[in-house]
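The structure under discussion appears below in the form of structure tokens.
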Number of protein chains: 2
Amino acid sequence: MAVSKKEEFSVENIWLADIAKSLSHPARVEILKILSSANVCMCGDIVDLLPLSQATVSQHLKELKRVGLIRGEIEGPKVCYCLSEKTISKAKKEFENLFKNVCKC
Amino acid sequence: MAVSKKEEFSVENIWLADIAKSLSHPARVEILKILSSANVCMCGDIVDLLPLSQATVSQHLKELKRVGLIRGEIEGPKVCYCLSEKTISKAKKEFENLFKNVCKC
DNA sequence: TTAATCAATCGTATATTTACGATAGACGAT
DNA sequence: ATCGTCTATCGTAAATATACGATTGATTAA
């Protein structure tokens with residue numbers, strides 16, 4: 001049991017659920033907010049701003065990269081992370097659509 | 001190990017991550033879409049529309065209720081589920097805010 | 001070359017999620 | 001009262017997620 005049935009849903013719903021999953025930990029929400037507002041993008045700086053170990057932060061960054069919400073570019077010995085505009089705007093649109101209507105019952 | 005550190009983040013980020021978690025399964029995204037678009041709200045009808053057992057659907061409905069995205073009202077022997085306008089609109093606002101800016105690097 | 005720094009990955013322990021059969025409880029109809 | 005219907009919950013197995021120390025690999029500086 002516990003064989004996943006996620007693949008039996010539509011690609012749109014699978015995609016949106018996957019984006020939601022990548023946002024389902026406060027550390028990852030925080031990382032997105034850091035990248036969108038602060039002048040911070042270096043991996044090490046992000047680690048310093050979170051109450052988590054380097055290994056754990058790296059794992060969270062990997063999850064955000066997996067779904068394409070962020071990209072990482074190597075800059076010498078460091079890595080600079082950026083929000084990926086394309087995925088962000090698609091996510092924005094899809095969430096807007098999800099929350100568009102409220103039912104009439 | 002694996003002691004959760006979620007509580008060390010801000011209440012706003014914890015809240016948004018929790019909403020995202022409740023949307024992190026395609027069945028739950030689908031349930032929201034069913035409730036917002038179709039003339040369907042009875043629990044049994046939702047079960048019929050999903051490729052999951054009654055027990056599993058009930059569990060997914062419980063998760064959506066937990067975060068307040070839906071409410072369930074008993075109607076005789078059945079239960080009618082509705083989107084909860086208040087939570088939906090707060091979620092909408094918070095996601096909009098999260099996706100507002102794209103960084104400048 | 002050697003040393004230092006930075007970030008990804010490995011290994012691993014624990015916690016949580018997902019899925020469903022079985023059961024229980026609530027209600028309406030007979 | 002009994003039966004059938006509907007939904008929540010229990011119990012449980014398997015899969016995933018979370019967290020971190022230790023290690024690896026890559027790059028810069030000396």
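Throughout, protein chains are lettered first and strands after them, A, B, ... in sequence-line order, and every chain is numbered starting at 1.
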Whole angstrom value for the distance that separates [atom2] of [N] from [atom1] of [X]:
X: B/Glu7; N: D/dT18; atom1: CD; atom2: P; answer: 14 Å
X: A/Gln54; N: C/dT5; atom1: CD; atom2: C1'; answer: 11 Å
X: A/Lys5; N: D/dT16; atom1: NZ; atom2: P; answer: 15 Å
X: B/Ile46; N: D/dT7; atom1: CD1; atom2: P; answer: 9 Å
X: B/Leu23; N: C/dT17; atom1: CG; atom2: P; answer: 14 Å
X: A/Asp45; N: C/dC6; atom1: CG; atom2: C1'; answer: 11 Å
X: B/Lys78; N: D/dT5; atom1: NZ; atom2: C1'; answer: 9 Å
X: A/Asp18; N: D/dT16; atom1: CG; atom2: P; answer: 12 Å

Strictly below 4.0 Å, heavy-atom distances to any atom of DNA chain C: list the hits from residues 24-31 of chain B, or just say none.
B/His25, B/Arg28
DNA chain C-proximal residues of residues 56-70 of chain B, any heavy atom under 4.0 Å:
B/Thr56, B/Gln59, B/His60
How long is the gap from [atom1] on [X] to [atom2] on [Y], to the nearest 0.5 Å?
X: B/Leu32; Y: A/Asn101; atom1: CG; atom2: CG; answer: 11.5 Å
X: B/His25; Y: A/Ser4; atom1: NE2; atom2: OG; answer: 5.5 Å
X: A/Ile19; Y: A/Glu94; atom1: CD1; atom2: CD; answer: 9.5 Å

Looking only at atom types and distance, does a side-chain atom of A/Arg28 sit under 3.5 Å from a main-chain N or O of B/Ala17, one as donor and one as acceptor?
no
Is there a donor-acceptor contact under 3.5 Å from the side chain of B/Ser58 to the main chain of B/Ala55?
no
Identify the heavy atoms of [X] and [Y] that sit nearest to each other, and give their distance.
X: B/Lys65; Y: B/Gly72; answer: CD-N, 4.3 Å
X: A/Cys43; Y: A/Leu61; answer: SG-CD1, 3.9 Å
X: B/Ser22; Y: B/Leu64; answer: O-CD2, 3.7 Å
X: A/Ile14; Y: A/Phe9; answer: CD1-O, 3.4 Å
X: B/Ser36; Y: B/Leu83; answer: CB-CD1, 3.5 Å

If you assign each of B/Lys6 and B/Leu52 to its closest nucleotide in DNA chain C, which residue comes earlier from the 5' end?
B/Lys6
Starting the side chain at C-beta, find the nucleotide from [options] nearest to [X].
X: B/Tyr81; options: D/dA17, D/dA8, D/dA22; answer: D/dA8
X: B/Cys43; options: D/dA8, C/dA7, C/dG21; answer: D/dA8
X: B/Ala55; options: D/dT7, D/dT9, C/dA7; answer: D/dT9

Nucleotides 27-30 of chain C: which of its N/O atoms have a protein N/O under 3.5 Å away?
none

Given that A/Glu75 and A/Ser4 both sit by DNA chain D, which one's nearest nucleotide is further toward the 5' end?
A/Ser4
Is it the case that atom CD in A/Glu85 sees more than 12 heavy atoms from other parts of the structure closer than 6.0 Å?
no
Going by an N to O cut-off under 4.0 Å, is there a salt bridge joining A/Arg66 and A/Glu63?
yes
